[in-house]
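Following: one structure in structure tokens, then a few remarks.
Because the structure is predicted, anything quoted here is derived from the model rather than measured. Order of the sequence lines fixes the chain letters, A, B, ..., with proteins taken first and strands second; residue numbering starts at 1 for each chain.
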Amino acid sequence: MTNPLLMKESALFDYLLRLGDDRLVLGHRLSEWCGHAPILEEDIALANIALDCVGHASMLLKLAGQVEGRRRTEDDLAYFREAIAFRNVKLVEQPNGDFARTIARQFLFDAYSLPLYEELASSSHPVLAAISAKILKEVRYHWRHSSEWVCRLGDGTQESHARMQSALDELWTFTAELFESDDIESLLHKAGVVPLGSSLKPRWDELLRRVLSTATLTVPTANQFMLGGSRQGRHSEHLGHILSEMQILARSYPGASW
Amino acid sequence: MADQKTGRAGEVKDSEWPLWEVFVQEVGGEPHQHAGSLHAPDAEMALQNARDVYSRRGKVSSMWVVPSEKITASSPEENGSFFDPSNDKVYRHPQFYKVPRGVKNL
């Protein structure tokens, strides 16, 4: 790995897995609501967002496979990797819980995706830039959906307010690693391919502050224990369960088409 | 949701959110056409739901949502007295004119 070009390629592969796996796992989690959402209209909205996320994952993992150069397709990467090889953050693995928890997870993640894809849309990597511009369009809608819900649940009834606040408090521990930087990221950042995670934090803070104050909710306290390590493959117990469900068909019937 | 707050669209009489009618315009300049209805707590959410339910698979250039209760409808029993007077006067119908060739939307 002394060739700097090779190093950059393997770094880009890893980074694309981070982007793709985030959206794949979140899309799968959201799809679990299908047929169970509080009302029909929201059922359709969540299923739409789930489909958007899986579509994003498909584009990102396809590109990852091309960058890797080992002829792995997006399906190979989605269905035939073990949990430890997944690079998604723990936030997106977390169970749906009640509706407030699903919305809180989406809200915290959308507020991160928004500045991230704004930056990636002007990446020096032309294909990544084009894919990101496409994703950004849908992320803007996801943000609108989740932030409007946060306002309504936060500034709704006593019960919806309490549930929304406790969902935010409980998921807070998973948010720090969204902005963690490492060698892979800084290598790509120097080449103008990706933004530094830490540079997205001020925008995330501002988006959160604005919406949570409208929603009469409190930004959870900063000085609590924060989890990390997902980008190196250290996941919560939930990921294995998600993968066993998501991967069983492709693994039981390799090459099956439907 | 018995303790649901009153929606901005009007009073909530049962456990359902208020009903909204959705109008969709496919191409700029064309009329907005009724696409269907949905439930939503307020106008902004109605618009979002309308986007998901009625625009996902088709081309849309504009959307309106209107609280259903704000629509005043004619009553079917009065159709005779209400509509017939304008239908039974032959001179009110424009079939005596020749449509110039090539004109599509007259």
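- With rounding to the nearest 0.5 angstrom, the CD atom of A:Glu41 is 12.5 Å from the CH2 atom of B:Trp20.
- Summarising the geometry of A:Tyr141 relative to B:Arg51, their closest heavy-atom pair is CE2-NH1, 3.1 Å, with the distance given to 0.1 Å.
- Enclosure of atom CZ in A:Arg163 is not indicated, since only 12 or fewer non-hydrogen atoms of other residues, nucleotides or ligands lie within 6.0 angstrom.
- Heavy atoms from other residues, nucleotides or ligands lying under 6.0 Å from CD of A:Glu118 number more than 12.
- With rounding to the nearest 0.5 Å, the separation of CD in A:Glu42 from CG in B:Asp52 is 8.0 Å.
- Residues A:Arg144 and B:Leu47 form a side-chain contact, since some pair of their non-hydrogen atoms from C-beta on lies under 4.5 Å apart.
- The shortest heavy-atom contact between B:His39 and A:Ile39 is O-CD1, 4.5 Å.
- Nearest heavy-atom pair across B:Met45 and A:Glu148 is SD-CB, 3.9 Å.
- The number of heavy atoms from other shown groups lying within 6.0 Å of CD1 (A:Ile248) does not exceed 12.
- No more than 12 heavy atoms of other residues, nucleotides or ligands sit less than 6.0 Å from atom NZ of A:Lys62.
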